[in-house]
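Report on one structure; see the data block that follows.
This structure is a prediction, so every number in the text was calculated from the model and none was measured.
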Amino acid sequence: MHYSGHLHDDLSLRALYSAADAMVIPSRQDNLPNTGVEAHACATPVIAFNTGGLPDIVDHQRTGYLAKAFETDDLARGIAWVLAQR
């Protein structure tokens, strides 16, 4: 993990998402986080719990990984799975 600081423009945000191997959203309750949509727009896979609006944007094992709700071991498996695909 690398802290990039505050990004001030869309070009910097796009470059950061594109450079990332994955976007992990461990939210327990979230309607539809923009960070997941933005990551997908830059072809970055999203790993998240299968809750809230995340199943609407993540196609399991195609555009990312949907872990069983609140099961951190499955979230870790998802991270490993995505990284092995890269």
Side-chain angles (χ1 to χ4, degrees):
M1 177 171 20
H2 299 283
Y3 179 69
S4 62
H6 185 74
L7 302 176
H8 299 281
D9 59 89
D10 289 342
L11 184 59
S12 298
L13 184 60
R14 210 172 325 149
L16 183 65
Y17 276 125
S18 296
D21 292 320
M23 174 68 162
V24 181
I25 305 174
S27 296
R28 296 180 58 109
Q29 144 180 336
D30 213 331
N31 284 337
L32 183 61
N34 283 338
T35 53
V37 176
E38 291 166 350
H40 276 320
C42 297
T44 301
V46 174
I47 303 124
F49 289 124
N50 191 2
T51 61
L54 289 156
D56 293 334
I57 62 167
V58 178
D59 188 4
H60 183 64
Q61 292 188 327
R62 186 160 180 249
T63 63
Y65 190 94
L66 286 171
K68 293 178 186 120
F70 319 125
E71 292 190 19
T72 55
D73 289 342
D74 195 26
L75 188 69
R77 275 190 293 281
I79 294 168
W81 182 83
V82 166
L83 294 178
Q85 305 303 308
R86 302 296 272 166

Treat each ILVMFWY residue as a node, draw an edge where side-chain heavy atoms are under 4.5 Å apart, and state whether [X] and [Y] are in one component.
{"X": "L32", "Y": "Y17", "result": "yes"}
{"X": "V82", "Y": "V58", "result": "no"}
{"X": "W81", "Y": "V24", "result": "yes"}

Would you give the length of the straight line joining atom [atom1] of [X] to atom [atom2] of [Y], rounded to the nearest 0.5 angstrom?
{"X": "I47", "Y": "I25", "atom1": "CD1", "atom2": "CD1", "answer": "9.0 Å"}
{"X": "L13", "Y": "H6", "atom1": "CG", "atom2": "NE2", "answer": "10.0 Å"}
{"X": "F49", "Y": "L75", "atom1": "CZ", "atom2": "CG", "answer": "4.5 Å"}
{"X": "I57", "Y": "T35", "atom1": "CD1", "atom2": "OG1", "answer": "7.5 Å"}

Using the rule side-chain contact (heavy atoms from CB on, under 4.5 Å), only one of N50, V46, T51 pairs with L66; which is it? N50
Within a reach of under 6.0 Å around CZ of R86, are more than 12 heavy atoms found that belong to other residues, nucleotides or ligands? yes
Are there more than 12 heavy atoms of other residues, nucleotides or ligands under 6.0 Å from atom CG of D9? yes
Is there a side chain to side chain contact (heavy atoms under 4.5 Å, CB included) between T44 and E38? Walk through the geometry before answering. CA-CA 9 Å; T44 301; E38 291 166 350; over 6 Å; no
Identify whether NZ of Lys or CZ of Arg in R28 sits under 6.0 Å from the centre of the six-membered ring of F70 and within 45° of that ring's axis. yes
Taking the side chain as everything from C-beta on, heavy atoms only, tell me whether Y65 gets closer than 4.5 Å to I79. no
S12 (side chain) donor-acceptor with L7 (main chain) under 3.5 angstrom: no
For the side chain of S18 and the backbone of R14, is there at least one donor-acceptor N/O pair under 3.5 Å apart? yes
Between L54 and P33, what is the shortest heavy-atom contact and its length? CD2-CG, 3.6 Å
